[in-house]
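What follows is a single structure, written as structure tokens, with notes after it.
Protein chains get the first letters and strands the later ones, always in sequence-line order, with residue 1 at the start of each. Predicted model only: the values in this text are computed from it and were never measured.
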Number of protein chains: 2
Amino acid sequence: MNLILLEAADFMAADRVVLRDPRRLAHLREVHQAAAGDRMRVGLLDGLMGIGQIESLDTGQACLTVTLDQPPPAKLPLTLLLALPRPKMLRRVLQTVSAMGVARLVLLNSYRVEKSFWQTPFLEPAAIEEQLRLGLEQARDTVLPEVLIEKRFKPFVEDRLPALAAGTRGLVGHPGSYPACPRALSEPVTLAIGPEGGWIPYEVEKLQEAGLAPVQLGERILRVENAVPALLARLF
Amino acid sequence: MNLILLEAADFMAADRVVLRDPRRLAHLREVHQAAAGDRMRVGLLDGLMGIGQIESLDTGQACLTVTLDQPPPAKLPLTLLLALPRPKMLRRVLQTVSAMGVARLVLLNSYRVEKSFWQTPFLEPAAIEEQLRLGLEQARDTVLPEVLIEKRFKPFVEDRLPALAAGTRGLVGHPGSYPACPRALSEPVTLAIGPEGGWIPYEVEKLQEAGLAPVQLGERILRVENAVPALLARLF
């Protein structure tokens, strides 16, 4: 937690917050070993970032005086379509997506996504937001990415993706004899990353029809949790 | 497992292998749902890759006829110095390093590495090799990276690092007002990535004296498991 994420409900006055939840309190006390007088980076969810000075801290609550005067870092101009990963990986990937500044994430079905993955409680809105917040706290950001859940591949790719991808550079990460993933783009991008085992040929065709061009990242097959940071770091 | 990694001991003849270990057998049967006649990608540890055709498969053993005729993918010309991560992250990072083709990994002490991390059984040679093999099987490679363990920062950085880094582009990933991490290099690189919380200023100075120049990857602070693939994908 490189930034303490505050919510409107934490504020007692414009410059004064009280934290009472066990997670943030434990983190302040145990990881930061914070004490009265210490200054910490803070940020208001969907708002500005700045500094909080601890006025008091005990097992039940922490009181801070805060100054919020810095904008959060810019988001990547990216809509990331991700075939739904297995639940354990989903949680880490949500943190990664949020930490790296993806503006919009679409969790999408694919032939090779196991049906049971859609049953995980980690897809509930509160569970998704929990992981996204951890990513913001890690990276020092305050703005949650938008997350869309699309359980049906074909209607999404045929009916909604062309509008989402309009005006952006559309790419599909896919192993094979495709052009190398481009580098250091400044334009908006729509990028699709497949499941373990990859997109099936029908899916690559449909994504191409929607305006996404296949690109590859070399001979090595990466796990989704590595492919996401690798592709983002190369693209932007 | 996108490649079945074979060892010399698996070979009954130049083109015939028998697998008897539960891990590979279970993977063949349960993940690949393989049956006699199926063809799988295989590779000999530290040797060539190719195709194995399953001649027979039951709960006790699998017999394959193999043809090994392709070289493994090239390694990245990279020596990666990594402050020892916490044990759970160490295992994943070892897989990542191996999957992404790092030639040499140095696990290094740092002021912010907790002393207890050095006690983990995951640092035993067999445990390290297990994770590295998983990375090779994921990425389709056969050549293990070299791994060095350096429990003392100063003697390593003063006495051995200058020789290791000689003739390479030396870089330290470090947040701050440094030049951006360079892109698409073809020369050999020595890259140092710090612990959670980062290198302390003394360490950055010592790494600089050994010829490593600080570079940054943007305002966002990434976890080590994301910083590694992000930096490698940007550098190469």
Within this structure, what is the CG-CG distance for the pair A:L222 and B:N2, rounded to the nearest 0.5 Å? 10.0 Å
Determine the option with the most heavy-atom pairs under 4.5 angstrom with chain B, choosing from A:G197, A:A99, A:A74. A:A99
Chain A contact residues among residues 24-49 of chain B, heavy-atom distance under 4.5 Å: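 Within residues 24-49 of chain B, no residue comes under 4.5 Å from chain A.
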At under 4.5 Å between heavy atoms, what parts of residues 101-139 of chain B are in contact with chain A? List them by residue number.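 Interface residues of residues 101-139 of chain B: B:G101, B:Q138, B:A139.
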Contact origin within A:R140 toward chain B - heavy atom pairs under 4.5 Å: side chain
Checking A:P182 now: which residues fulfil side-chain contact (heavy atoms from CB on, under 4.5 Å) with it, not counting sequence neighbours?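 If we apply the side-chain contact (heavy atoms from CB on, under 4.5 Å) test to A:P182, skipping adjacent residues, the hits are A:R169, A:L171, A:L185, A:V215, A:L235.
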Mind listing the closest non-hydrogen atom pair of B:P73 and A:R220 along with its distance?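 Of all heavy-atom pairs spanning B:P73 and A:R220, the closest is O-NH2, 3.6 Å.
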Taking distance alone, no hydrogens or angles, what donor-acceptor pairs closer than 3.5 Å link side-chain atoms of residues 223-233 of chain A to residues at least two apart or in another chain?
unit_1 : atom_1 : unit_2 : atom_2 : d
A:R223 : NE     : A:E225 : OE2    : 3.1
A:R223 : NH2    : A:E225 : OE2    : 3.4
A:E225 : OE1    : A:R92  : NE     : 3.1
A:E225 : OE1    : A:R92  : NH2    : 2.6
A:E225 : OE2    : A:R92  : NH2    : 3.2
A:N226 : OD1    : B:T96  : OG1    : 3.2
A:N226 : ND2    : B:T96  : OG1    : 3.1

